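Here the structure comes first, spelled out in structure tokens, and everything after it is commentary.
All figures in this text were calculated on a predicted structure; none of them were measured in a lab. Naming: A, B, ... by sequence-line order, numbering from 1 per chain.
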Amino acid sequence: MFEGLRMLGESYLGFMNFWSLAYGLGGALLGIIVGVLPGLSATLCIALLTTLTIKLAPNDAILILICSYVGAIYGGSRTAILLNIPGTAANAASCADGFALARKGEAGRAIGIATSGAFTGTLFGVLCLAMFTPALAELALSFGAFEFFWLALFGVAMSGSIVGEDPLKGWLMGLLGLLVAQIGQEGLYAYDRFTFGWDELSGGIALIPALIGAFGFAEVLTSLADPIERKLIDMRDSVLPRFREVARYWRTVLRSGVIGVVTGILPGVGEDSGAWMSYAAAKAASPERDQFGKGSIDGLMAAETGDMSAIPGGIIPALALGIPGSAPSAVLMAAMIIHGIQPGPMLMIKTPHFIYDVVAMTTLATLSILFFGLFLVRPLMLVLRVRRSVLMPIIFVLCTVGAYAIASRLFDVYAMLAIGVGAFFLRRRGYEMAPFVLGLVLGDLLDKSLRRGLVLSDGSLAPFFTRPLCAVLAAVTILTMLMYIPAVNVRVRRAWSEAKRFMFQRSA
Amino acid sequence: VTTTSTNTDLEAAEAQADAAALERRTSPRSDLRQALGWIALGIVTAIGALRMDRLEQQDINPYTAPGLLPGLLGGVIVFFGLLMFYRSWRRLSGSPQVLRARTAVDRTEARRIGTVLALCIGFAAGLVGHGLPFWLATAVFVSGTIAILQFTERTARNQRLRGFAFALAVGLGTGVATTFVFQELFLVHLP
């Protein structure tokens with residue numbers, strides 16, 4: 001424990017220099033700007049900045065990426081409040097109460113509450129990141145191919161179930177991501193799969209260009225296809241953070257912090273679910289629940305604390321297991337690999353200090369958003385006044401550069417275009433991109449774990465279901481999918497309520 | 001009075017656009033077609049996986065054959081595709097879908113999608129990496145896109161020339177700034 005505290009102290013001291021502070025503030029500022037712009041996501045921001053920071057030292061690059069991640073999710077709340085359009089998917093839950101407050105002439109107050117909720121939520125998440133990552137990494141050392149197979153499948157299945165309106169479409173997107181990840185040379189025998197004799201495909205579809213296509217190009221098309229320019233609400237009151245309200249709603253803040261971290265840790269679930277679950281829990285517990293959706297401080301605080309605490313929560317499994325908690329943390333993980341840091345159980349053995357470096361980076365990101373929340377709210381709102389027809393072509397240029405620069409291959413630009421066009425049409429038909437990303441990231445792990453597991457068990461499927469963690473993950477994954485079938489859903493709910501009645505009768 | 005009517009028009013247009021988006025996302029007829037697409041993809045994947053070399057001559061463990069997971073994925077995609085087909089078929093047979101009539105907003109949107117797709121693909125696949133300096137390709141693309149997308153609005157305001165000048169300034173600025181920041185400042189190789 002003292003060794004951990006010593007490393008944490010060293011990490012904090014390591015970032016107390018001019019350049020680290022400048023990189024942190026710069027990353028957070030860029031993140032806020034991207035987050036403020038409707039549709040541009042944290043995933044896109046991290047993917048584009050991975051390209052820009054490719055020549056920097058690993059710690060500097062990861063610092064910028066983490067700060068931009070935190071900044072983007074925080075920045076998205078402003079668009080939700082002022083435009084009733086979530087800046088990122090994670091801010092959708094903030095729209096109802098944030099926009100209602102803005103319509104009452106309290107836009108500044110809503111932004112102040114969002115800042116204080118975001119700051120407190122992220123700080124709570126950082127605390128959990130520091131405490132649980134080393135413990136989870138140590139536990140993960142005992143995991144084998146069977147456990148990793150289920151963890152990967154669980155992540156894709158959960159992401160498909162929770163993100164979006166239709167689980168069936170979510171699962172299909174997850175499967176599509178897993179399938180795209182199989183393109184190219186496979187990891188055991190370097191056999192070319194689905195390359196059709198095309199050399200460029202042997203290396204597979206690179207993650208960053210694919211993500212830039214799915215989140216960047218698709219968003220450029222979506223945004224420019226919409227002929228309607230939405231109206232911005234003016235802000236007249238003070239935008240200073242309201243920490244008195246954090247103290248007043250401490251129960252909501254604590255509850256949402258815990259929910260956010262837990263949803264972050266669950267592979268594939270992410271910040272948007274953290275916000276919605278926190279919002280639902282606050283609504284169920286709040287004495288002012290009738291005000292929810294009409295400008296409730298409690299509701300806005302819950303949504304903002306929930307999504308922000310899910311950020312460090314999502315980084316925990318990415319570092320400890322090599323399985324990202326959300327789409328942006330998947331890109332962050334890919335960036336770490338590009339910079340020579342291999343996330344996963346061995347991280348704690350090979351480079352234990354890196355986990356504490358990430359804790360220090362996330363703390364710096366939290367302080368950065370507070371700084372911008374205190375001093376730069378109004379100037380940053382000017383970015384919302386830039387017309388889409390001016391902004392989006394520039395964003396597309398950045399997408400092209402971002403796709404090309406990682407490997408200097410034009411093929412990656414074409415892959416970005418193909419995936420972007422596909423993602424645009426799929427999104428219009430209700431398919432979400434987060435399960436696709438999870439599938440793309442976890443496809444290789446799933447493939448290797450399945451085949452290694454089968455070799456270890458000599459072809460028997462039994463260990464995939466009988467080892468304790470496997471049994472739990474298999475049960476949850478299969479039950480989650482079966483619950484989609486109405487007949488099963490009704491029977492499970494009936495059995496659950498009967499079991500509860502039986503338990504209460506017995507205890508009475 | 002003008003402001004109120006403008007706001008009402010905007011809200012009506014937003015509501016119309018939202019209704020169209022909802023229909024696109026949930027239409028059983030469209031889901032039925034998509035289900036057929038998924039089933040076809042699953043079958044093609046499974047066939048591709050079955051035809052993959054099992055590497056028997058290398059004496060590898062048969063459980064590590066490269067086509068194992070792709071084959072399973074193909075099978076599961078077919079299963080979910082069939083589930084989607086069954087669901088949308090049941091919805092359609094329960095209450096035949098009344099299709100929403102195409103509006104002027106839909107037609108404008110379709111035109112914009114076509115234009116933007118052509119411009120973006122033209123830039124990334126045509127202009128970039130084929131000998132033209134990156135800053136110039138960027139300037140041409142950004143200027144052209146802004147000028148085209150704002151053309152109707154600028155024409156209505158009798159600001160066509162001003163619109164072109166603005167588009168050119170933004171395009172040149174973007175080309176030079178992107179090249180400077182990526183290539184000179186962050187040493188990133190540009191196409």
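- Between chain A and the residues B:V181, B:L117, B:T138, the largest count of heavy-atom pairs under 4.5 Å involves B:L117.
- B:F164 and B:F151 have tilted rings, their planes meeting at an angle from 30° to 60° on a 0 to 90° scale.
- Of the atoms belonging to B:V76, heavy atoms from both backbone and side chain fall under 4.5 Å from chain A.
- Among B:L68, B:L83, B:I146, B:T178, the residue with the largest count of heavy-atom pairs under 4.5 Å with chain A is B:I146.
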> Could you walk me through whether A:F146 and A:W150 pass the ring-ring contact (aromatic ring centres under 6.0 Å, His included) check?
Replying inline: CA-CA 7 Å; A:F146 309 104; A:W150 277 112; over 10 Å; no
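- Between A:R451 and A:L454 there is no side-chain heavy-atom pair separated by less than 4.5 Å.
- Residue B:D53 touches chain A through both its backbone and its side chain, counting heavy-atom pairs closer than 4.5 Å.
- Among the candidates A:F194, A:Y404, A:F217, the residue making the largest number of heavy-atom pairs closer than 4.5 Å to chain B is A:Y404.
- A side-chain hydrogen bond (donor to acceptor under 3.5 Å, both in side chains) check over residues 36-50 of chain B, counting only residues at least two apart or in different chains, returns the pairs A:Y431-B:W38.
- Heavy atoms of B:E153 lying under 4.5 Å from chain A belong exclusively to its side chain.
- Neither the backbone nor the side chain of B:R111 comes within contact range of chain A; no heavy atoms are under 4.5 Å apart.
- Heavy atoms closer than 4.5 Å to chain A are found in the side chain of B:L41, but not in its backbone.
- Side-chain atoms of A:S389 and B:Q150 include a donor-acceptor pair closer than 3.5 Å.
- Nearest heavy atom pair, residue A:L440 against residue A:A210, reads CD2-CB, 3.6 Å.
- Proximity to chain B involves both the backbone and the side chain of A:L178, based on heavy atoms less than 4.5 angstrom apart.
- With a 4.5 Å cut-off on non-hydrogen atoms, A:L52 touches chain B through its backbone and its side chain both.
- Interface remark: B:L72 contributes side-chain atoms only to the contact with chain A (heavy atom separation under 4.5 Å).
- For the side chain to side chain contact (heavy atoms under 4.5 Å, CB included) test with A:F436, the passing option among A:L179, A:L176, A:V156, A:L172 is A:L176; the others fail.
- The part of B:A65 that comes within reach of chain A is its backbone (N, CA, C, O), which places non-hydrogen atoms under 4.5 angstrom from that chain.
- Each of B:I60, B:D31, B:I148, B:T145 has some count of heavy-atom pairs under 4.5 Å with chain A, and the biggest count is that of B:I60.
- Annotation for B:R91 and B:P28: closest pair CB-CB, 4.0 Å, computed over non-hydrogen atoms.
- In terms of non-hydrogen atom pairs under 4.5 Å with chain B, the most contact-rich of A:L426, A:I54, A:D166 is A:D166.
- Remark: A:R427 does not engage A:E432 in a salt bridge, criterion side-chain N to carboxylate O under 4.0 Å.
- Between A:R409 and A:E200, the shortest heavy-atom distance links the atoms NH1-O, 3.5 Å.
- The two residues A:A47 and A:I212 have their closest heavy-atom pair at CB-CG1, 3.8 Å.
- No part of A:K448 comes within reach of chain B, as not one of its non-hydrogen atoms sits under 4.5 angstrom from that chain.
- Most heavy-atom pairs under 4.5 Å with chain A, from the set B:L119, B:T115, B:L149: that is B:L149.
- Listed here is the closest heavy atom pair of A:V401 and A:T51: O-CG2, 3.9 Å.
- If you measure heavy-atom distances from B:F123 to chain A, the contacts under 4.5 Å come from the side chain alone.
- Comparing A:V413, A:L221, A:I406, A:L398 by how many heavy-atom pairs each has under 4.5 Å with chain B, the most go to A:L221.
- The candidate from A:E186, A:M392, A:R193 with the greatest count of non-hydrogen atom pairs under 4.5 Å with chain B is A:R193.
- For B:T174, the part sitting under 4.5 Å from any heavy atom of chain A is the side chain, from C-beta outward, and nothing else.
- With chain A as partner, the option from B:C120, B:G129, B:G48 having the largest number of non-hydrogen pairs under 4.5 angstrom is B:C120.
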> For A:L410 and B:V128, what are the C-alpha separation, side-chain angles and deciding distance, and is it a side chain to side chain contact (heavy atoms under 4.5 Å, CB included)?
Replying inline: CA-CA 9 Å; A:L410 273 177; B:V128 166; 4.3 Å; yes
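- In this structure, no portion of B:L185 lies under 4.5 Å from any heavy atom of chain A.
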